[in-house]
Amino acid sequence: MKRCFILFGSNQGNREAVFDEAYHRIINRCGQLIGISSFYESEPWGFEDDTWFLNRLIVIETMLRPDELMDRLLGIEAELGRVHHPEAIGYSSRLIDLDILYYGSRVTITEHVTSPHPLLHLRRFALMPLCEVAPKFKHPVLKLTQTELLACCPDTSKVIKRSNNS
């Protein structure tokens, strides 16, 4: 069993309802839930848009290989209405985005999966929920904890943890 950290992101539609549906599908098809973060609101990263993103992190234990896990996550995105445009350049708004941030402490580089996520250490919106659920987990390449990565993250975009009743 591998412990995997999966980040949810959305800035379109009923984000909470889409997250809830994605969560249930992941638990049913990919592995057992080990942890879950609060919701975080964040400015769009890498492009301009008026609508902020909602992010949440889950931690699962899975027996799936990295490519199998990614295939299932992409299938769930498609079922929930995400359309990947291969010709698109850069980042854009999306209904749902499911990213594998870590696949245990394993380094994986394939055509479909790179783990740890190659931009993780540059993204405040990913590091903040990671610090909530696994602050001492070490990045297998950079050899820093999530707390240390957040402390040296160059990203200055706004990320706001939601209160429990919002």
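Just so we're clear, the structure is a prediction, and the values are computed from it rather than from any experiment.
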Look at [X] together with [Y] and state whether they make a salt bridge at an N to O cut-off of under 4.0 Å.
X: E16; Y: R162; value: yes
X: K136; Y: E148; value: no
X: E68; Y: R29; value: no
X: E61; Y: R3; value: yes

Quick check for you: to the nearest 0.5 Å, what is the distance between [X] atom [atom1] and [Y] atom [atom2]?
X: L149; Y: K143; atom1: CG; atom2: NZ; result: 12.0 Å
X: I160; Y: F39; atom1: CD1; atom2: CZ; result: 15.5 Å
X: C153; Y: Q146; atom1: SG; atom2: CD; result: 11.0 Å
X: R15; Y: L95; atom1: CZ; atom2: CG; result: 11.0 Å
X: D155; Y: M128; atom1: CG; atom2: CE; result: 10.5 Å
X: D97; Y: I6; atom1: CG; atom2: CD1; result: 12.0 Å

For residues [X] and [Y], determine if any side-chain heavy atom of one lies less than 4.5 Å from a side-chain heavy atom of the other.
X: I58; Y: I26; value: yes
X: V141; Y: V107; value: yes
X: Q32; Y: I27; value: no
X: P154; Y: L122; value: yes
X: C30; Y: L64; value: yes
X: T110; Y: P66; value: no
X: S157; Y: F125; value: no
X: L120; Y: Y102; value: yes

Discussion item. For a quick check under 3.5 Å, do T51 and N11 share a side-chain donor-acceptor pair by atom type?
Written reply: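 Their side chains do not contain a donor-acceptor pair, so the 3.5 Å distance test is not met.
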Worksheet item: Distance only, no hydrogens: is a donor on one side chain within 3.5 Å (strictly under) of an acceptor on the other, for E132 and S38?
Response: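 Yes, side-chain donor-acceptor contact under 3.5 Å.
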Worksheet item: Between H117 and I100, is a side-chain contact (heavy atoms from CB on, under 4.5 Å) present by the stated rule, with each step listed?
Response: CA-CA 7 Å; H117 191 287; I100 299 171; over 6 Å; no
Worksheet item: Can I76 and L98 be said to form a side-chain contact (heavy atoms from CB on, under 4.5 Å), step by step?
Response: CA-CA 9 Å; I76 291 168; L98 301 171; 4.0 Å; yes
Practice prompt. Check P140 against S105 and note the closest heavy-atom contact, atom names and distance.
Written response: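 Scanning both residues completely, I find the closest heavy atoms to be CB-O, 3.2 Å.
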Discussion item. Would F19 and I96 count as a side-chain contact (heavy atoms from CB on, under 4.5 Å) here? Give the steps.
Written reply: CA-CA 8 Å; F19 280 15; I96 185 71; 3.9 Å; yes
Linking I/L/V/M/F/W/Y whenever any side-chain heavy atoms sit under 4.5 Å apart, do [X] and [Y] land together?
X: L33; Y: L69; value: yes
X: V18; Y: W52; value: no
X: Y103; Y: L74; value: yes

Practice prompt. Tell me, yes or no, whether the heavy-atom count around M63 atom CE, taken from other residues, nucleotides or ligands under 6.0 Å, exceeds 12.
Written response: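 No.
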Discussion item. Donor-acceptor check, side chain of S37 to backbone of L57, threshold 3.5 angstrom: yes or no?
Written reply: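 Such a contact is found between S37 side chain and L57 backbone.
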Discussion item. Would you say the rings of F137 and F5 are close, in the sense that their centroids are separated by under 6.0 Å?
Written reply: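 Yes, ring centres under 6.0 Å apart.
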Item to complete: Validate the cation-pi geometry between R56 and F8: distance from NZ or CZ to the six-membered ring centre under 6.0 Å, angle to the ring axis within 45°.
Response: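 Judged by the rule (NZ or CZ under 6.0 Å from the ring centre, within 45° of its axis), R56 is not positioned above F8.
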Item to complete: Show your working on side-chain contact (heavy atoms from CB on, under 4.5 Å) between N55 and E41 and close with a plain yes or no.
Response: CA-CA 6 Å; N55 297 105; E41 297 274 355; over 6 Å; no
